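The structure appears below as structure tokens.
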Amino acid sequence: NSIRPSMTRCMAVLCVGWLGSVRAVAQTVFVDDAQRAVTLPAKVTRVFAAGAPADVLLYTLVPEMLVGRNQLPSAAVQEFMPPQFRTPVAIANLPNADDDKADVELLSLKPDVYIDYGDVAPDYVASLANVQQRTGIPAIILDGRLDKIPETYRKLSAVLGVKARGDVLAAHAERILAKYMGIL
């Protein structure tokens with residue numbers, strides 16, 4: 001009988017350890033373009049764009065994952081969009097580095113990750129880090145320079161689970177950039 005309680009404790013410790021290792025496996029570390037290691041869920045299904053450039057990037061890569069749109073498409077643009085993406089949730093306020101008022105809207109949309117795309121200047125990185133720290137939502141920043149578009153598609157698509165789509169978009173971007181490189 002004295003073996004049974006200690007066996008039960010041992011099994012409990014093993015289960016807790018196993019659950020902890022499952023949780024560790026259920027996450028992935030993504031190094032963003034500010035060289036920040038950000039822990040993301042292993043499976044991302046909901047993304048929030050931190051501005052217009054990120055909105056366009058994410059719409060082209062994972063429109064089905066967007067929790068809303070920063071800029072609603074005009075009627076003329078909607079004609080070219082698949083019907084399921086014509087009337088997205090409107091995002092009224094983007095989170096601000098020093099003001100937590102818009103955090104309520106961000107949190108209510110329940111994104112798995114908050115993504116910024118564009119300039120990787122220290123003030124943008126600090127703003128992103130502040131929003132992440134306040135909300136607990138993992139936040140990444142990606143370099144929006146023109147020559148980085150193919151790399152960004154590949155890098156982001158791998159972590160979002162749409163690698164094949166990202167590879168296709170990256171290849172298209174490479175062809176366009178190669179064609180117009182002298183002009184640019």
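Small disclaimer: the values here were computed from a predicted structure and weren't measured.
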Going through the checks in order, is the side-chain contact (heavy atoms from CB on, under 4.5 Å) test met by T28 and V159?
CA-CA 8 Å; T28 187; V159 78; 3.9 Å; yes
Are the side chains of Q27 and P41 in contact, using a 4.5 Å heavy-atom criterion?
no
Side chains of D112 and L40 in contact at under 4.5 Å (non-hydrogen atoms):
no
Out of curiosity, does F80 fall in the hydrophobic cluster containing F85 (side-chain heavy atoms, cut-off under 4.5 Å, transitive links)?
no
Minimum heavy-atom separation for P150 to A173, with atom names?
CG-CB, 4.0 Å
Who pairs with D33 by salt bridge (Lys or Arg N to Asp or Glu O under 4.0 Å), at least two apart in sequence or on another chain?
K155
V47 side chain near L160 side chain, heavy-atom distance below 4.5 Å:
yes
Does the side chain of S157 reach to within under 4.5 Å of the side chain of R165, using non-hydrogen atoms?
no
Under a single-linkage definition using a 4.5 Å side-chain heavy-atom cutoff for Ile, Leu, Val, Met, Phe, Trp and Tyr, are L177 and L169 assigned to the same hydrophobic cluster?
yes
M65, L72: one ILVMFWY side-chain cluster at the under-4.5 Å cut-off?
no
Only one of L66, D116, L109 passes side-chain contact (heavy atoms from CB on, under 4.5 Å) with F48; say which it is.
L109
Counting only N and O atoms by type, is there a donor-acceptor contact under 3.5 Å from the side chain of S127 to the main-chain atoms of D123?
no
Could you tabulate the donor-acceptor pairs under 3.5 Å formed by side-chain atoms of residues 49-62, not counting sequence neighbours?
unit_1	atom_1	unit_2	atom_2	d
D55	OD1	R69	NE	3.0
D55	OD2	R69	NE	3.0
D55	OD2	R69	NH2	3.3
T60	OG1	V56	O	3.3
T60	OG1	L57	O	2.7
T60	OG1	Y153	OH	2.7

Quick check: do P88 and P73 have side-chain heavy atoms less than 4.5 Å from each other?
yes
Only pairs under 3.5 Å count here: list side-chain donor-acceptor contacts from residues 132-144, not counting sequence neighbours, and write none if there are none.
unit_1	atom_1	unit_2	atom_2	d
Q132	OE1	R36	NH2	3.0
Q132	OE1	A139	N	2.9
R134	NE	D103	OD2	2.6
R134	NH1	N96	O	3.3
R134	NH1	A97	O	2.8
R134	NH2	N96	O	2.7
R134	NH2	D99	O	3.4
R134	NH2	D103	OD1	3.0
R134	NH2	D103	OD2	3.3
T135	OG1	V131	O	2.8
T135	OG1	I137	N	3.2
D143	OD1	R145	N	2.9
D143	OD1	R145	NE	3.2
D143	OD2	R145	NE	2.9
D143	OD2	R145	NH2	2.7

Under 4.5 Å between side-chain heavy atoms, hopping through other hydrophobics if needed: is there a path connecting Y124 to V31?
no
Do you reckon V67 sits in the same ILVMFWY cluster as L107, going by side-chain contacts under 4.5 Å, direct or chained?
yes
Strictly below 4.0 Å, N to O, side chains only: are K179 and E174 in salt-bridge contact?
no
Inspect the contact between E151 and R154 and indicate whether a charged nitrogen and a carboxylate oxygen are less than 4.0 angstrom apart.
no
